[in-house]
Trainee: 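I'd like to ask you about the structure that follows.
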Amino acid sequence: GGSLSIFESEQGVGNIDLKAGEGGEVSIAGGSSKTFGGSLLLKGGDGVSSLSGRVDISSGTSVASSSADVLLRTGSSLAGSSGRIAIRAGESPSGGSVSVFSSGGGDLSIGTASSVTQSGRISLLGGSGRDSSGGIFVLAGASESGSGGGLVFESGAGVSTGSISA
């Protein structure tokens with residue numbers, strides 16, 4: 001197969017804009033083969049004396065309806081396991097942060113899918129460190145005029161009931 005390479009000019013900053021026509025879509029994919037598929041790498045530029053380049057993935061804005069979803073998923077597998085999704089901050093002396101928020105009163109759900117044989121687990125882990133380890137905090141939201149948020153820990157039903165331990 002052929003390849004396409006686009007480079008910035010030697011004189012300075014070069015921008016590349018890929019944009020479809022009205023209502024069109026842009027599709028970028030790694031190549032397929034009989035042995036293994038090609039990768040797709042999306043990366044911000046390196047910064048030597050300042051910040052590195054940002055990677056921003058978002059759906060478009062809607063004026064008269066709901067905005068579209070942002071879907072991040074691995075491919076399916078017919079023989080082995082599907083791939084995993086890892087979101088993590090890069091290495092640094094002071095550590096990086098990963099934050100997940102909903103906006104304006106929206107819900108945030110973290111779960112595993114149901115399965116015929118066995119469902120997956122959800123694990124919250126605080127990291128270990130030489131000087132101190134990371135903690136796990138579960139906090140319910142506060143309210144100025146109504147009820148504060150509650151916390152519910154409930155084990156699943158089954159032939160034998162799951163346990164809750166602290």
Side-chain angles (χ1 to χ4, degrees), residues 18 20 23-30 32 36-47 50-166:
L18 295 175
E25 68 179 42
V26 175
S27 178
I28 302 172
S32 299
F36 60 89
S39 297
L40 177 63
L41 176 65
L42 192 61
K43 180 182 182 242
D46 296 333
S50 188
L51 294 173
S52 62
R54 185 174 80 175
V55 176
D56 188 350
I57 300 173
S58 65
S59 63
T61 301
S62 175
V63 176
S65 186
S66 299
S67 65
D69 297 335
V70 173
L71 179 62
L72 180 63
R73 67 178 179 191
T74 67
S76 299
S77 174
L78 299 177
S81 298
S82 62
R84 68 185 187 115
I85 295 175
I87 300 174
R88 76 176 208 189
E91 301 291 329
S92 76
S94 60
S97 296
V98 175
S99 301
V100 180
F101 291 98
S102 64
S103 66
D107 294 335
L108 176 63
S109 300
I110 299 174
T112 62
S114 298
S115 172
V116 174
T117 56
Q118 179 178 346
S119 178
R121 291 183 300 225
I122 296 175
S123 301
L124 299 176
L125 306 170
S128 299
R130 187 187 70 198
D131 297 328
S132 65
S133 62
I136 297 175
F137 300 93
V138 179
L139 305 171
S143 173
E144 290 183 18
S145 61
S147 298
L151 293 176
V152 177
F153 293 94
E154 185 176 332
S155 63
V159 174
S160 62
T161 304
S163 63
I164 298 175
S165 47

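Both backbone and side-chain heavy atoms feed into the values below; hydrogens, waters and symmetry mates do not. Everything quoted here is computed from the prediction, not taken from an experiment. Starting from 1, each residue takes its place in the sequence as its number.
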Trainee: Kindly write out the residues that satisfy side-chain contact (heavy atoms from CB on, under 4.5 Å) with L151, not counting sequence neighbours, or none if the list is empty.
Mentor: V138, A140, F153
Trainee: Mind checking side-chain hydrogen bond (donor to acceptor under 3.5 Å, both in side chains) for T112 and listing every partner two or more places apart, or none if nothing turns up?
Mentor: S119
Trainee: Identify each donor-acceptor pair in which a side-chain atom of residues 69-81 lies under 3.5 Å from a protein atom, sequence neighbours left out, and give them as a table.
Mentor:
| from | atom 1 | to | atom 2 | distance (Å) |
| --- | --- | --- | --- | --- |
| T74 | OG1 | G83 | O | 3.3 |
| S77 | OG | A79 | N | 3.4 |
| S77 | OG | G80 | N | 2.9 |
| S77 | OG | G80 | O | 3.1 |

Trainee: Mind checking side-chain contact (heavy atoms from CB on, under 4.5 Å) for V26 and listing every partner two or more places apart, or none if nothing turns up?
Mentor: A20, I28
Trainee: Just jot down the side-chain contact (heavy atoms from CB on, under 4.5 Å) partners of L125, sequence neighbours excluded, or say none.
Mentor: S123
Trainee: The criterion is side-chain hydrogen bond (donor to acceptor under 3.5 Å, both in side chains); which residues satisfy it with D46, sequence neighbours excluded?
Mentor: K43
Trainee: Enumerate, atom names and distances included, each donor-acceptor pair closer than 3.5 Å involving a side-chain atom of residues 52-60, sequence neighbours excluded.
Mentor:
| from | atom 1 | to | atom 2 | distance (Å) |
| --- | --- | --- | --- | --- |
| R54 | NH2 | D56 | OD2 | 3.3 |
| S59 | OG | A68 | O | 2.7 |

Trainee: Hey, could you give me each pair passing side chain to side chain donor-acceptor pair (under 3.5 Å) that has a residue in residues 131-153? Not counting sequence neighbours.
Mentor: none
Trainee: Tell me which pairs pass side chain to side chain donor-acceptor pair (under 3.5 Å) where either residue lies in residues 84-93, with sequence neighbours left out.
Mentor: none
Trainee: Heavy-atom count check: over 12 atoms from other residues, nucleotides or ligands less than 6.0 Å from I122 CD1?
Mentor: yes
Trainee: Just wondering, more than 12 heavy atoms not from L40 lying within 6.0 Å of its CG?
Mentor: yes
